[in-house]
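Being a predicted model, the structure only gives us computed values, none of them experimental. Within every chain, numbering begins at 1; the chains are lettered A, B, ... in the order of the sequence lines, protein sequences first and strands thereafter.
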Protein chains: 2
Amino acid sequence: MAKPPKENSPITEHLAYLLAQANREINRQLELRLSKEGVPVEQWRILKVLSDGDGHSMGELADAVLLNHPTLTKMIDRMVSDALVYRVQDPNDRRKVLMFISDRGKVLCKKLNSLAVDQEEHIVESYGDKSTSELKRLLESLIDSSN
Amino acid sequence: MAKPPKENSPITEHLAYLLAQANREINRQLELRLSKEGVPVEQWRILKVLSDGDGHSMGELADAVLLNHPTLTKMIDRMVSDALVYRVQDPNDRRKVLMFISDRGKVLCKKLNSLAVDQEEHIVESYGDKSTSELKRLLESLIDSSN
DNA sequence: CTTCAATTCTTGAATATTCAATATTTTCAA
DNA sequence: TTGAAAATATTGAATATTCAAGAATTGAAG
């Protein structure tokens, strides 16, 4: 049982496909919740990372929120317009821009966090506590082993 | 241990984030392999689904390869230009279009399959046989429980 | 010190994706 | 049978993403 895929095995047995499928489904659900506040998932991630109150450079942020640099720049432009975050030039290295969350951003982030927590609780309900934490553990270790 | 995320837990503890991260990484690796043949991951998926030789409607395909309809239509347009697949109107329901893989498509698909198998083997090597099959099992069951 | 390579971020053009609307065919109720 | 609603696929405009190039700053070798 659970053999490695042969050349002609269905695509649904490939790890890459299962990950894509699971990611798509969970992301779709999360998107649905966050749309109550009209915010895309990526913006929630950005707010969440910045909510430690420290300044984060664009490069750091891009890694953390899984966006490449130009896409992040343009998304940050929108968020600055919405006064959720703001830019400050790094005094120690003036090539860098440090991003900070605004008060308005913090308020929004709290609301989004609770919507996201709702979702995780919903998953745990239907999928099980044990499975959820085991899945998280395995995903973390897969990510580790890929670096 | 392994508590559900609190409102202020780091984003890296959320299942949605771990899935996105793992998916991104594995997909990046697969993309890299398939780029040897100059083919995007989605086209490999399409070829693989069609390689059963049956005709598949666009809607069926879109579900199977995780693309929405207009995106699939445009990708299929390109693949038809490259003579990898072809369209046939469904004789039983003329609203539908049935997609088939061409001989050229089959040849390419074989090459892509072996590149993809290489990757899975590489994952199994560094991540472990046990973990891989356990992860697959958990992902399948997560997907199931989400429908 | 100077210059050249590397780092960081942004920009603009090219490309891809998505949303809404359209065309066609089928289904089904009246 | 007819006509309205549903299903299927495509199209075009709006939006978003990506690639390649550019601007600014830093690092570091000569």
Review point. Charged N to carboxylate O under 4.0 angstrom, Glu140(B) versus Arg137(B)?
Key: no

Check your understanding: Atom CG of Leu72(B) and atom C1' of dT18(C): how far apart are they, to the nearest Å?
Key -> 14 Å

N/O contacts under 3.5 Å, protein versus nucleotides 1-5 of chain D?
none

Point to revise | Donor-acceptor contact present, side-chain Ser102(A) to main-chain Leu84(A), <3.5 Å | key: yes

**Study point:** Arg95(A) CZ - dA5(C) P separation (whole Å)
**Key:** 16 Å

Point to revise | Residue-level proximity of residues 73-94 of chain B to DNA chain C when a heavy atom falls under 4.0 Å | key: Lys74(B), Arg78(B), Asp93(B), Arg94(B)

Practice item. Could you identify which residues of residues 29-40 of chain B place a heavy atom less than 4.0 Å from some atom of DNA chain C, listed by residue number, or say none? Key: none

Check your understanding: With no hydrogens and no angle check, is any side-chain donor or acceptor of Lys48(A) less than 3.5 Å from a backbone partner on Asn113(A)?
Key -> no

Point to revise | Asp103(A): salt bridge (Lys or Arg N to Asp or Glu O under 4.0 Å) partners, not counting sequence neighbours | key: Lys106(A)

Check your understanding: His56(B) and Val49(B): which non-hydrogen atoms are nearest, and at how many Å?
Key -> NE2-O, 3.6 Å

Check your understanding: Do you know the tightest heavy-atom contact between Glu120(A) and Leu15(B)?
Key -> OE2-N, 2.7 Å

**Study point:** Which residues share a side chain to side chain contact (heavy atoms under 4.5 Å, CB included) with Ser51(B), sequence neighbours left out
**Key:** Ile101(B), Cys109(B)

Exercise for review: Nearest whole angstrom, please: distance from the P of dT10(D) to the CG of Leu98(B).
Suggested key: 11 Å

Practice item. Give the ring-plane orientation class for His14(B) versus Trp44(A), where under 30° counts as parallel, over 60° as perpendicular and anything between as tilted. Key: perpendicular

Review point. Does the pair Arg78(B)/Glu42(B) count as a salt bridge with the N-to-O cut at 4.0 Å?
Key: no

Check your understanding: How long is the gap from CG on Leu32(A) to CD on Gln119(A), to the nearest 0.5 Å?
Key -> 9.5 Å

**Study point:** Of residues 57-70 of chain B, the positions that come close to DNA chain C - non-hydrogen atoms, cut-off under 4.0 Å
**Key:** Asn68(B), Pro70(B)

Review point. If we only count heavy atoms from C-beta on, is the Met58(A) to His69(A) side-chain gap below 4.5 Å?
Key: no

Point to revise | Glu42(A) CD to dT17(D) C1', straight-line distance once rounded to whole Å | key: 11 Å

Review point. Taking atom types as modelled, is there a side-chain donor on Gln29(B) or Glu25(B) under 3.5 Å from an acceptor on the other?
Key: yes

Revision key, fill the gap. For Tyr127(B) and Leu135(B), the nearest pair of non-hydrogen atoms, with its separation, is OH-CD2, 3.9 Å

